[in-house]
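Bear in mind that the values here come from a model prediction, so they are computed numbers and not experimental data.
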Amino acid sequence: MPDTQRTAVITGAGAPRGIGKATAARLARDGWAVAVLDLNEPAAKEAADEIAAQTGAPVFAHGVDVADEPSVLAAYRAVRAEVDAGRLPGVGAVVNIAGITSPVPFLETTLELWNKVMAVNATGTYLVTKAFLPDLIEAGWGRIVNMSSVSAQQGGGVFGRTPYSSAKAAILGFTKALARELGDAGVTVNAVAPGAVDTDIRVGTTDELEAAIVKGIPLGRQATVADVAGVIAWLTSEDAGYLQGTTIDINGGSFLH
Ligand SMILES: NC(=O)c1ccc[n+]([C@@H]2O[C@H](COP(=O)([O-])OP(=O)(O)OC[C@H]3O[C@@H](n4cnc5c(N)ncnc54)[C@H](O)[C@@H]3O)[C@@H](O)[C@H]2O)c1
């Protein structure tokens, strides 16, 4: 948390068991105001109501398709309107969590699938960051945290295959290039690369696959959403101010560089 309360904008924060909602709740508990953005607007509003009731933090919810520029700009304007009306403090962090995966083998992928997975994960991170970054630069303080995956580092191997691995790798390149370009603007941009996390993202997974995933994790279990939210909370804190363009692995030892 910065010295004064700021708003953390978190995308993909609607899913009831997802990393985004857990991160929004954690940041609200840590003293942030939060803007919960999600494709599923009713879910975003439900998550926001729950977090506000639990924490008393200022919480705002809005629908967004992170892959669609007009939708991202509309969400940005909606957050700014709350800030300008004094209902939210200024934006201090952007956490790009919205994402989708796909287990389709390479030769069975279609261009449509490739484009969709790239659009939500990579283009979404680009569009949301581009919309909110000027506010962070103007404030002279900001934290951007991008959601990659161990799949980017080891070439899939959990559930998602080529489009997912490629999109999550693009996010690492984006994070590094933006970090370099931001210089000393007071804004840091870093990424997290979780291994398997116990959420509902792996649509169509089987008990066998989930057990096989756990077998490859030295810590003997998948990550909880709280494991990931805790690392993101630290990356958005004052303490992480000298990290720039880096990636933090949250994989229980399943992939070691
Ligand atoms: N669960 C894992 O094992 C795991 C591991 C590594 C990385 N990740 C990444 O973490 C992020 C969150 O994953 P999760 O497991 O919580 O998944 P989830 O499916 O529970 O949540 C994803 C959220 O993103 C939202 N979303 C999807 N498309 C969107 C769009 N176009 N615009 C806005 N919101 C959109 C969904 O509505 C949902 O609320 C994803 O980027 C995922 O790739 C997950």
Side-chain angles (χ1 to χ4, degrees), residues 10-24 38-40 43 47 65-67 95-126 128 145-175 191-232 247-257:
I10 301 143
T11 71
R17 285 187 359 98
I19 297 167
K21 182 182 167 191
T23 301
D38 202 282
L39 186 62
N40 184 339
D65 179 353
V66 296
V95 188
N96 287 301
I97 295 185
I100 55 171
T101 187
S102 164
V104 174
F106 178 64
L107 287 177
E108 291 166 34
T109 58
T110 59
L111 179 59
E112 191 186 3
L113 175 71
W114 170 271
N115 284 340
K116 177 138 182 96
V117 175
M118 291 298 285
V120 177
N121 291 285
T123 308
T125 299
Y126 160 74
V128 173
V145 182
N146 296 325
M147 178 58 73
S148 184
S149 165
V150 73
S151 294
Q153 301 164 316
Q154 64 176 18
V158 180
F159 179 81
R161 297 206 196 191
T162 44
Y164 184 69
S165 186
S166 304
K168 291 304 193 186
I171 288 170
L172 296 184
F174 172 80
T175 300
V192 291
V197 188
D198 180 19
T199 72
D200 298 324
I201 198 172
R202 290 183 293 280
V203 177
T205 191
T206 59
D207 289 347
E208 291 71 33
L209 177 57
E210 294 296 308
I213 290 171
V214 170
K215 267 201 174 140
I217 305 173
L219 285 185
R221 63 170 179 84
Q222 294 190 11
T224 65
V225 290
D227 288 326
V228 181
V231 175
I232 294 173
T247 302
I248 303 212
D249 296 344
I250 316 170
N251 63 33
S254 67
F255 177 76
L256 298 168
H257 299 265

Looking at every non-hydrogen atom in both residues, tell me the closest pair between G216 and S254 and how far apart they are. O-CB, 3.4 Å

List the atom of S165, the atom of G155, and the distance in Å for their closest heavy-atom pair. OG-CA, 3.6 Å

Taking side-chain hydrogen bond (donor to acceptor under 3.5 Å, both in side chains) as the cut-off, I'd like each qualifying pair that reaches into residues 193-207, sequence neighbours left out, listed once. R17-D198, R17-D200, R202-E210, R202-Q222, T205-E210

If you measure only the distance, is there a donor-acceptor pair under 3.5 Å linking the side chains of N251 and Q153? no

Are D227 and R221 side-chain neighbours, meaning at least one heavy-atom pair lies under 4.5 Å? yes

A quick test of your reading: do over 12 heavy atoms of other residues, nucleotides or ligands sit less than 6.0 Å from CZ of F174? yes

Pair N146, T125: side-chain N/O donor-acceptor within cut-off below 3.5 Å: no

Residues in side-chain hydrogen bond (donor to acceptor under 3.5 Å, both in side chains) contact with D65, at least two apart in sequence or another chain: none

I171 and M147, any side-chain heavy atoms less than 4.5 Å apart: no

Under 4.5 Å between any side-chain heavy atoms of V192 and I232, yes or no? yes

Grab the two heavy atoms, one from V228 and one from A223, that are nearest each other, plus how far apart they are. CG2-CB, 4.5 Å

Could you tell me which non-hydrogen atom of A152 sits nearest to which non-hydrogen atom of A169, and how far apart they are? CB-N, 3.4 Å

Table please: side-chain donor-acceptor pairs of residues 102-113 below 3.5 Å, with sequence neighbours left out.
unit_1 : atom_1 : unit_2 : atom_2 : d
S102   : OG     : V104   : N      : 3.3
T109   : OG1    : F106   : O      : 2.6
T110   : OG1    : L113   : N      : 3.0

Minimum side-chain heavy-atom gap V197-V225 below 4.5 Å: yes

Is there side-chain contact between I100 and V117, with heavy atoms separated by less than 4.5 Å? yes

To the nearest 0.5 angstrom, please state how far the CD atom of Q154 sits from the CG atom of L256. 10.0 Å

To the nearest 0.5 Å, tell me how far S148 OG sits from L172 CG. 3.5 Å

What pair of heavy atoms forms the shortest contact from S151 to G160, and how long is it? OG-O, 4.4 Å

Note: N121 and A167 closest approach over all heavy atoms is CB-CB, 3.7 Å

